[in-house]
Structures are given as structure tokens and as C-alpha cells.
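Values reported hereafter were calculated over all heavy atoms of this structure, with side chains retained and with hydrogens, waters and symmetry mates removed. Note that the structure is a prediction, hence the values are computed from the model and not measured. In the text below, chain A, chain B and the rest are named by the order of the sequence lines, each starting its count at 1.
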Number of protein chains: 2
Amino acid sequence: MTLDARWGADGGPQSDKTETVASRILVVEDDERVRASVRLALEDEGYEVIETATAEEALAAFERRALPHLVLIDLMLPGMDGFECCRAIRRVSTVPIIIVTARTDTHDVVAGLEAGADDYVTKPFVAKELGARIRALLRRARAVPGQPTQAINVGDLELEPEAGVVRRGGQEIHLTRTEFLLLCELASNPGRVLSREQLLERVWGYDYFGDNRLVDVHIRRLRTKVEPDPTNPNHVLTVRGLGYKLQAG
Amino acid sequence: MTLDARWGADGGPQSDKTETVASRILVVEDDERVRASVRLALEDEGYEVIETATAEEALAAFERRALPHLVLIDLMLPGMDGFECCRAIRRVSTVPIIIVTARTDTHDVVAGLEAGADDYVTKPFVAKELGARIRALLRRARAVPGQPTQAINVGDLELEPEAGVVRRGGQEIHLTRTEFLLLCELASNPGRVLSREQLLERVWGYDYFGDNRLVDVHIRRLRTKVEPDPTNPNHVLTVRGLGYKLQAG
DNA sequence: CCGTGCCGTGACAGTCTCGTGAAGACTTGG
DNA sequence: CCAAGTCTTCACGAGACTGTCACGGCACGG
């Protein structure tokens, strides 16, 4: 399986506003006419648009790492429906998702948001409002996939999220997928304590329900690979009662 | 329960999987009846609610660093209106903001989002939908890594509640969970005296029954770590007969 | 000046958290 | 289908943290 979409998602310090590159928006919508009009509206707002007619195609796009900055999903899709699509994307990515649909029932709104969507807009929508909501969401998420992430250095550790490579003292070391995601999450917030819940949500997916201790075990295995002396870690530190953090500096 | 969601997860009696905890939501709304109903709805969803009737009061709350995790703003306010309030908050904070109003005009939606709001919900709203949108937004806000966290400075003390970090004179110091919560509570109300009862309620939980002296002991432990000279504290001060306060600036 | 009550201090046992090893479930590739 | 690698769960023990207590000092009012 390809690497997690978010490996490229957390960029370094952002220069907001000045978007040198147009944000790329994936539109998942089966009705060709609607799709065309949405494309026009979005391109008018200055976005780059990619389209798929089905949820399956959308997921395939994620598989081959054609990562959008934001996803618009129609609820009524042939095959896998919008809710399913949303959940499936959430399993591999934290990309901002807006559900666009004709169904105005509150129950659907709630279901959509619970499925992992960030916003829910009902048709017929006004282009300007959709544009504003997209801007608001991008502003909040600051998602800049595809943009090469700078390498993160912590002590003698050196990791390249984009390439999926970790080195210690110049020597490349092998981490499993989960270990790598875990390390990336910690490294994205150096010095900051992350709770088990936060790590579970970000590494395993927001809808994961299971043992908290799972985190401990992976932390331990990560330590055996990353720490010179796993018993006295000086990178991956435990903060009792709170969680874990990566030693800053 | 007062502070961050993260703390509650491990502390309580094996409560995992439950959607953890009380985020603090600030409701800015002048109509008392609406405010009461919103409070009820939110508390039903398990949030802690603080209220202000005007934008000015809301900003004052930010001034004294009573920081909420999310803000609900009504558009029609006496004095400074909702848009203004939103912009003013954005100047000092990246806290998630939802604008709640009766005005459904698209133009208002766009203006609200452009003013820095994350979402815009029109009255009459369904409680369940509002709840879902709040959850979605909190989820998104938490998921954004690398965000500079809001810091509270008191003298040479510097604490970042979200990051779980405390520094004195730039030097990071280790506090236990309870000590940290206690300090956060005091720091959220600098210069203000907090009684033992208040501290017990906010740090240990409203349903805690035990010795008041418990607070004393933890204050002492906190002092040994936070004060240069624990015998003559100049941060954490005792107010005889009343409680404790954190020396302001 | 003294007594009362409030607060600081040190110690201690119970509780909770975390690290650890191991075993079973699951996934992937051949 | 098997085999290797990986993920998840579980139980146990050491250690950290918490809550309680007793004692003594100090401020305040009489």
C-alpha cells in the first residue's frame, strides 16, 4: 500500500495568504453537469480542480498519491456512497472534506460530519458561499500536500516525511509503517506533549476504538530502533499522566 | 473536567472510548433566553459553557486569558457586532469560531467566514447539528499539527496548556499532572484569589469529596518546583482565610 | 501576652501509570 | 496455501504520583 497521505500533509512554517500555488480540489460527483458547473465556479475562485465520478476513483487517486488539498464529495454516488467515501478517505488522510448534497435533512448533516467531514453544504449552493467555506477550511487546515516537506532533525535523528526515510547518525534505519507515522506525528510537534488519544486519532484514524495501551507498545518498539539506549530515552520521552513528546532541539 | 479534554481520559475510572471530555465553549449572545437554551444544548453534549452578553466582555475574557476551546458568536450584538468581535478575537487567537445567527443571507455568510470564522450556522438551528459541527471543528483544530500554542506568561513563568509545557526563565520544568492543572487554573485567573473549593472543583472535578488540605499539599509541591525560594513565594501566594492566587505580571 | 485557627512541612501507604515480554490475530507476498 | 512480518491485546511488576495524616509555626483577634 502506498504511504499515508498525510506524510506530505504537514508542511513546515506556512506563509499564509500568499498562496504561490493554487490549491488543488478534488470533486467527487457523478452528475457531469453539476461537476462542470462546480469546476467553473472553483476555477473562477482560482483553484485547480480534479474530478472523479465515483468514490472508488477518488480513493484510487489517494492510492497513487495524487493528493488534493481539499475534497468535495457529493452524497448520492453510484456504488460507494458519500458517507462511505468520506470514512474511507479518513482512514488514510486528514485532508479537509466538504460534503455537498441536495439532502438538507439534519440527520444527514450530522451523519456526514460524524463520518469525518469538516463541513456540509446543501445544494443549490451559492458559489460565493462555497468559496468562502473552502477558504475558511483551508485556512484552518493549512494543508499543503505535495509540497516537499523539509527534513526534520532532532538530535542525531533525521527524517524525511516525504521520502519515508529515517536516519540516525546518517545511517538509515527501518521503521514499520505505524512506527514511522507515529514518529512523524511526534516530530511535527517537537517538544509538545501529545496524549494517547491525540496519537490514536492522528496515526490510527479518528474512528479507531481500542486500547490506549496500543500506543505504549508502539512507542516502545520505536524506541528500540530510534534510541541509542532504549531504557533511557533521550528522544521519545514519556510525560507521565499526559502522553509522549519528542525532545525538542 | 475544567481543562483540556486530554487530561480526563486517563484520570477517571476506566472510561475509555467515551468521547472524552469537556471542551470549554464561550457563547457570545445578548438574548438571555437564547443563551440559556444554547447552554442547555451544549451541556447536554458534554461541553463546559461560559457566557458573555457582549463582544466586549468576550474580548475581556481573552484578555485575562480565560481561554475557551471554541467560540460561538451571535451576529446581532449591542455595541461591537459579531463580525467585529470575530476579527478582534482573530487578532489575538486562532481559536475555532462559529457564527450563529438568524440572518441567512449568503452575503452575511461570506462576510462572517472572511472575518475569520470557521463556520456559520443559521437559526433556528437544530441542537444536534450544532453539536456535530462543533465536534467536527474541534476535531479539525486539534488535528492541525505545528500550530503555535497559546501561552500564558506570569513573571518569568511561561506555560503552554495545550502543549503540556511549563518553563521558568526559558528553562523547561517538570510538573506532575495535578500540579500542572493547578497551575493552569491559577494562571487562567492571574491576580485573582481562588478558594480551595473552587480549585478542588476545577482541578479535581466537581464530584470530588475530600480534604481541603489536599490543595495545600499540592500548592506546596508546586512551589518547590516553580518558586526560586519556596519559603518566600513570589508567584503562588497564600491569601490567608481565602485561598491562593498567582501573582500577576 | 496568649489562644485559636490557618497554613506549611515531612512522611507514608495505596493507587495508578507505564515498561516489558509474550502470545495470538492479521496482512502481505510468494 | 504457507511463511514472514506486522499489529493488537493481555498480564505483571516496578516505580511515580496522589491523598491523608500528624505535627509545628505563624498570623490574627482578644
Side-chain angles (χ1 to χ4, degrees), chain A residues 1-4 63 91-92 164 173-183 193-197 199-200 203-205 207-227 229-245, chain B residues 6-17 164 173-183 193-197 199-201 203-205 207-227 229-245:
Chain A
M1 145 123 193
T2 59
L3 298 182
D4 191 304
E63 282 295 319
R91 276 193 279 276
V92 299
I173 56 184
H174 170 74
L175 296 184
T176 69
R177 185 186 125 90
T178 307
E179 288 159 3
F180 188 84
L181 288 175
L182 189 56
L183 182 57
V193 180
L194 298 177
S195 71
R196 288 161 220 286
E197 287 71 25
L199 291 170
L200 278 176
V203 174
W204 278 262
D207 57 350
Y208 177 87
F209 291 112
D211 197 347
N212 271 2
R213 304 301 310 282
L214 176 57
V215 180
D216 300 32
V217 178
H218 280 276
I219 286 281
R220 169 171 157 264
R221 282 208 295 267
L222 183 58
R223 278 172 174 160
T224 64
K225 296 180 180 179
V226 158
E227 298 284 354
D229 175 11
T231 315
N232 291 61
N234 54 2
H235 292 126
V236 182
L237 304 186
T238 303
V239 181
R240 187 162 266 265
L242 298 183
Y244 298 95
K245 73 174 177 181
Chain B
R6 293 175 287 128
W7 309 96
D10 285 334
Q14 283 317 49
S15 66
D16 51 16
K17 147 171 218 165
I173 56 184
H174 171 72
L175 297 184
T176 70
R177 196 179 62 141
T178 309
E179 289 159 3
F180 186 78
L181 288 174
L182 189 56
L183 181 57
V193 180
L194 297 177
S195 71
R196 291 176 172 68
E197 288 71 24
L199 291 171
L200 277 177
E201 178 174 335
V203 173
W204 279 263
D207 54 353
Y208 176 84
F209 291 111
D211 198 346
N212 269 4
R213 302 301 310 283
L214 175 56
V215 180
D216 301 34
V217 176
H218 280 277
I219 286 283
R220 171 175 154 265
R221 288 174 182 153
L222 183 58
R223 278 172 174 160
T224 64
K225 296 180 178 178
V226 160
E227 299 285 354
D229 175 12
T231 316
N232 290 60
N234 55 2
H235 290 125
V236 183
L237 304 185
T238 303
V239 181
R240 196 180 178 82
L242 295 182
Y244 298 94
K245 72 172 179 180

Original post:
Does a side-chain heavy-atom distance below 4.5 Å link Asp216(A) with Tyr244(A)?
Top reply: yes
**OP:** Decide yes or no for Arg240(A) and Thr176(B): does some side-chain heavy atom of the first lie under 4.5 Å from some side-chain heavy atom of the second?
**Re:**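 Arg240(A) does not reach Thr176(B) side chain to side chain.
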Whole Å only: how far is the [atom1] atom of [X] from the [atom2] atom of [N]?
X         : N       : atom1 : atom2 : value
Arg223(A) : dG21(C) : CZ    : P     : 13 Å
Asn212(A) : dC18(C) : CG    : C1'   : 12 Å
Ile219(B) : dC7(C)  : CD1   : P     : 11 Å
Arg220(B) : dG10(C) : CZ    : C1'   : 6 Å
Leu182(A) : dT6(D)  : CG    : C1'   : 15 Å
Asn232(A) : dC18(C) : CG    : C1'   : 15 Å
Tyr244(A) : dC18(C) : OH    : C1'   : 6 Å
Leu237(B) : dC7(C)  : CG    : P     : 14 Å

**OP:** Going 5' to 3' through nucleotides 11-24 of chain D, assign each nucleotide B (protein heavy atom under 4.0 Å from a base atom), S (under 4.0 Å only from sugar-phosphate atoms) or - (no protein heavy atom that close).
**Re:** ----BSSBBBB---
Subject >> Whether Arg221(A) side chain and Glu179(A) backbone form a donor-acceptor pair below 3.5 Å >> reply: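 No, because the side chain of Arg221(A) does not come within donor-acceptor range (under 3.5 Å) of the backbone of Glu179(A).
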Original post:
Has the side chain of Glu227(B) got a donor or acceptor atom that lies under 3.5 Å from a matching backbone atom of His235(B)?
Top reply: yes
Subject >> Distance-minimising heavy-atom pair for Val193(B) and Gly243(B) >> reply: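 Distance-wise, the nearest heavy atoms are CG1-N, 4.0 Å.
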Nearest 0.5 Å, what's the [atom1]-[atom2] distance between [X] and [Y]?
X         : Y         : atom1 : atom2 : value
Leu175(B) : Leu181(B) : CG    : CG    : 10.0 Å
Ile219(A) : Arg213(A) : CD1   : CZ    : 12.0 Å
His218(B) : Leu200(B) : NE2   : CG    : 9.5 Å
Leu199(A) : Leu214(A) : CG    : CG    : 10.5 Å

**OP:** Note the angle between the end axes of the helix from dC1(C)-dG30(D) to dG30(C)-dC1(D), five pairs defining each, rounded to 10 degrees.
**Re:**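 Computed from the C1' atoms at both ends, the axes differ by 40°.
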Subject >> Short side-chain N/O contact to dC18(C) OP1/OP2 from Arg196(A), under 4.0 Å >> reply: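 Answer is yes, contact under 4.0 Å.
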